[in-house]
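No hydrogens, no waters, no symmetry mates; every other heavy atom, side chains included, goes into these values.
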Amino acid sequence: MEGDCLSCMKYLMFLFNFFIFLGGACLLGLGIWVIVDPTGFREIVAANPLLFTGAYIMLAMGAMLFLLGFLGCCGAIRENKCLLLFFFMFILLIFLAELSAAILAFIFRENLTREFFTKELKKHYQRNNDTDVFSSTWNSVMITFACCGVNGPEDFEATPHLPYSSLERATPEACCQRELQSREGMFVNKEACLAGVERFQNRQGCYTVILNSFETYVYLAGALAIGVLAIELFAMIFAMCLFRGIQ
């Protein structure tokens, strides 16, 4: 009976580690996509140090889970106590790190609000100054997503850094409609846009556009993170039980 129980524990351990292996592969793929994605998401990540750091943390966690899931599967099948202990210690460290990251994300969630981005835009944006990382990043985001500012073109009417002589020049070039949404795309009517003609401007704010574009991915990433944490917890329990059961 004890042998059957140990055998069942071994295969359950293998199953949970296989899911950890798959979860790590998913996180690794998602982290790589966020960093190298050519559609503009990396520009949003680069605009906020918290998001930029989070993307690399997700990449590192994915790689570690990928490796440890593989080691856990080997330890369970071979009934190797050293591998199981090694697996348990590292899974525990990763579990605590992920839990800490989730707590920090909750604490600093105010850094992702509409008001925060609006304040930062009005404080640091320098129009077409491509030597300034902040301004260049915002221009890339606005061009890629065909949006303007955080809430709309009105965000730039009170921006002291913009070198315009009247409110007609308040709208930056990045807010003007283009035939192709890239820096190389031709303007539909640049002069009319800068003169304040609304039909040649992108009027929708970037916050709403980006939120709608990535809302599904945010929920998917959150659900995946909760699932990975639950699987890690069960895997640690099974690892300890199997470790104690091996003679």
Side-chain angles (χ1 to χ4, degrees), residues 33-55 105-106 108-222:
W33 174 75
V34 166
I35 292 171
V36 305
D37 171 51
T39 61
F41 189 64
R42 62 183 175 190
E43 304 291 351
I44 305 167
V45 173
N48 191 300
L50 188 64
L51 291 178
F52 186 76
T53 304
F106 179 79
F108 293 104
R109 67 189 185 282
E110 65 272 10
N111 288 349
L112 303 178
T113 62
R114 185 189 296 268
E115 291 73 20
F116 173 82
F117 284 116
T118 303
K119 182 180 71 174
E120 291 296 300
L121 179 70
K122 291 183 177 182
K123 182 179 179 181
H124 300 292
Y125 185 71
Q126 299 178 24
R127 205 176 175 91
N128 294 325
N129 184 3
D130 285 335
T131 60
D132 177 65
V133 175
F134 184 89
S135 303
S136 177
T137 298
W138 261 105
N139 286 335
S140 296
V141 170
M142 291 190 290
I143 292 171
T144 301
F145 289 94
C147 56
C148 188
V150 178
N151 309 288
E154 63 273 10
D155 288 344
F156 300 102
E157 294 179 359
T159 307
H161 297 289
L162 298 184
Y164 54 83
S165 56
S166 65
L167 289 181
E168 285 74 26
R169 299 291 293 175
T171 305
E173 291 182 7
C175 289
C176 295
Q177 292 183 4
R178 298 170 183 252
E179 295 177 0
L180 179 66
Q181 295 306 318
S182 69
R183 286 183 178 270
E184 293 74 30
M186 297 292 293
F187 290 100
V188 175
N189 192 327
K190 180 179 175 181
E191 291 72 20
C193 168
L194 296 179
V197 181
E198 294 186 1
R199 67 191 183 95
F200 295 113
Q201 298 175 351
N202 296 316
R203 304 293 300 176
Q204 193 168 12
C206 293
Y207 190 89
T208 301
V209 172
I210 293 171
L211 193 64
N212 291 339
S213 299
F214 294 101
E215 186 175 15
T216 303
Y217 297 106
V218 169
Y219 287 124
L220 180 62

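The only member of E198, R203, Q204 that meets side chain to side chain donor-acceptor pair (under 3.5 Å) when paired with Q201 is R203.
The two residues G149 and C175 have their closest heavy-atom pair at N-SG, 4.2 Å. When all heavy atoms of E173 and K190 are compared, the pair lying nearest together is OE2-NZ, 3.0 Å. Across all their heavy atoms, N151 and R114 have their closest contact at OD1-CD, 2.9 Å. The shortest non-hydrogen separation linking E179 to V188 is N-CG2, 4.2 Å. Of all the heavy atoms in F145 and V209, the pair that sits closest is O-CG1, 3.8 Å.
Less than 2.5 angstrom separates the SG atom of C206 from that of C147.
Between Y207 and F117, the ring planes are tilted. Angles from 30° to 60° get that label.
Side-chain contact between H124 and W138 is absent, with no heavy atoms from C-beta onward closer than 4.5 Å. Counting heavy atoms from C-beta outward, M142 and N202 have side chains that stay 4.5 Å or more apart.
Distance alone, capped at 3.5 Å, places no donor-acceptor pair between the N139 side chain and the A174 backbone. The backbone N or O of S136 sits less than 3.5 Å from a side-chain atom of S140, completing a donor-acceptor pair.
For the atom pair L121 CG and K123 NZ, the distance stands at 12.5 Å (nearest 0.5 Å). Remark: E154 CD to C148 SG distance equals 8.0 Å, nearest 0.5 Å.
Residues F187 and F200 keep their aromatic ring centres 6.0 Å or farther apart.
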Exercise for review: Would you check, one step at a time, whether the test side chain to side chain contact (heavy atoms under 4.5 Å, CB included) holds for V150 with E115?
Suggested key: CA-CA 9 Å; V150 178; E115 291 73 20; over 6 Å; no
